[in-house]
S.K.: 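Below are the structure tokens for one structure; questions will follow.
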Amino acid sequence: SHVLLTSAASLAVVHTLLGVDHSLPFVALGRARQWSLPFTLGVTAICGVGHVVSSVLIGYVGIALGIATESMLWLESARGDLAATVLIGFGLSYVVWAVWKRLHQSDKPHGHRAVGRGLTPWILFVVFVLGPCEPLIPLMVVPGMQGDWAMVSMVVIVFGILTIAVMMASVAAAYCGAGLVSRHGVGRHADVVAGLVVAASGAAVLWLGV
């Protein structure tokens with residue numbers, strides 16, 4: 001049990017740090033949308049919860065029904081490809097919108113933040129609910145097949161808390177770093193840069209397996 005929980009903790013940290021899509025989209029959009037750090041971290045936390053819970057539900061159902069690990073991992077992989085594709089599409093659409101907005105300078109200065117707060121967080125939430133925590137399923141299956149549901153729950157709690165905590169820590173650090181960069185001329189093009197970063201994050205997951 002100690003080894004299993006240590007593995008859950010280690011994989012949660014590594015999985016989150018290596019997954020650029022777990023932090024960069026929040027930082028880029030947070031800065032471009034002029035979200036405060038607390039609001040950006042709130043969006044990150046909510047998306048992180050959706051990210052973990054969706055895989056947990058699949059894991060519990062799969063174990064309860066005796067579905068083979070390979071089948072569950074195939075489903076998680078398919079979900080990952082779908083989430084990455086949606087992230088790319090969202091990023092590219094955001095770039096098009098940003099360019100269009102710059103060419104047609106809106107007369108409503110507050111529309112920028114209103115749209116950003118209303119729609120963008122929800123799109124990110126949908127992407128992260130679709131996105132799997134692939135290392136979590138095998139960790140759940142080991143004790144689950146032995147009927148040790150208490151250990152399954154402990155694995156889920158350790159993995160989930162660390163995943164969300166590392167996401168928030170990474171976003172906070174990068175958000176502050178992005179603030180320094182934006183003071184050196186990126187600010188005017190923040191929306192275009194944000195869309196490109198989001199699309200690149202999805203591409204890295206889909207084609208590079210990051």
S.K.: Working to the nearest 0.5 Å, report the span between CG of L11 and OG1 of T6.
M.R.: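 Between atom CG of L11 and atom OG1 of T6 there are 10.5 Å.
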S.K.: Establish whether V3 and V142 are linked, either directly or via other cluster members, by ILVMFWY side-chain heavy-atom contacts under 4.5 Å.
M.R.: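 V3 and V142: separate clusters.
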S.K.: Can you give me the closest heavy-atom contact between A83 and V127, atom names plus distance?
M.R.: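 Nearest heavy atoms, A83 then V127: CB-O, 3.6 Å.
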S.K.: Show the nearest heavy-atom pair for residues A84 and G202, with the distance to one decimal.
M.R.: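 That closest heavy-atom pairing would be CB-O, 3.5 Å.
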S.K.: Using a cut-off of 6.0 Å, state whether more than 12 heavy atoms not belonging to M151 lie near its atom CE.
M.R.: yes
S.K.: Side chains of I46 and P121: closer than 4.5 Å at any heavy-atom pair?
M.R.: no
S.K.: If Ile, Leu, Val, Met, Phe, Trp and Tyr residues are connected whenever their side-chain heavy atoms lie under 4.5 Å apart, and connections chain through other members, are L57 and I157 in the same group?
M.R.: no
S.K.: Just do the side-chain contact (heavy atoms from CB on, under 4.5 Å) check on V126 and V86 with the steps written out, would you?
M.R.: CA-CA 9 Å; V126 169; V86 172; 5.7 Å; no
S.K.: Once you round to the nearest 0.5 Å, how far does CE of M140 lie from OG of S55?
M.R.: 9.0 Å
S.K.: Once you round to the nearest 0.5 Å, how far does CD1 of I58 lie from CD1 of I63?
M.R.: 12.0 Å
S.K.: Locate the shortest heavy-atom distance separating S54 from V129; write the atom from each residue and the value.
M.R.: OG-O, 3.0 Å
S.K.: Working to the nearest 0.5 angstrom, can you tell me the gap between L87 CG and Y94 OH?
M.R.: 13.0 Å
S.K.: Students often mix this up, so state it plainly: with edges at 30° and 60°, are the rings of W35 and F39 parallel, tilted or perpendicular?
M.R.: perpendicular
S.K.: Looking only at non-hydrogen atoms, find the nearest pair between L139 and A8 and report the distance.
M.R.: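 So the two residues come closest at CD1-CA, 3.6 Å.
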S.K.: Does any non-hydrogen side-chain atom of F90 lie less than 4.5 Å from one of T120?
M.R.: yes
S.K.: Establish, from distance only, whether the side-chain atoms of Y175 and S36 form a donor-acceptor pair under 3.5 Å.
M.R.: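 Side-chain D/A pair, Y175 to S36: absent.
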S.K.: Should the pair H15 and H51 be assigned to parallel (<30°), tilted (30 to 60°) or perpendicular (>60°) ring geometry?
M.R.: parallel
S.K.: About how many Å separate OG1 of T16 and NE2 of H22, when rounded to the nearest 0.5 Å?
M.R.: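 Answer rounded to 0.5 Å: 5.0 Å.
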S.K.: Is any side-chain heavy atom of V152 closer than 4.5 Å to a side-chain heavy atom of D148?
M.R.: no
S.K.: Any chain of hydrophobic side-chain contacts (each under 4.5 Å) joining M168 to L37?
M.R.: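 Yes, one cluster joins them.
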S.K.: Looking at every heavy atom in both G30 and T40, which two are closest together, and how far apart are they?
M.R.: CA-OG1, 3.9 Å
S.K.: Find out whether L136 and V56 are in side-chain contact, i.e. whether some heavy atom of one side chain is under 4.5 Å from a heavy atom of the other.
M.R.: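 Side-chain contact under 4.5 Å: yes.
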S.K.: Can you find a pair of side-chain heavy atoms, one from P135 and one from F159, that are under 4.5 Å apart?
M.R.: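 Yes, close enough: below the 4.5 Å cut-off.
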S.K.: Which atom names give the shortest non-hydrogen contact between A12 and T163, and what distance separates them?
M.R.: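 So the minimum-distance heavy-atom pair works out to CB-OG1, 3.6 Å.
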S.K.: Between CG of D21 and CZ of F26, what distance do you get to the nearest 0.5 Å?
M.R.: 8.5 Å
S.K.: Would you say I161 and V13 are hydrophobically clustered, going by side-chain heavy atoms of ILVMFWY under 4.5 Å?
M.R.: no
S.K.: Honestly curious: do W149 and L5 fall in one hydrophobic cluster under the side-chain, below-4.5 Å linking rule?
M.R.: yes
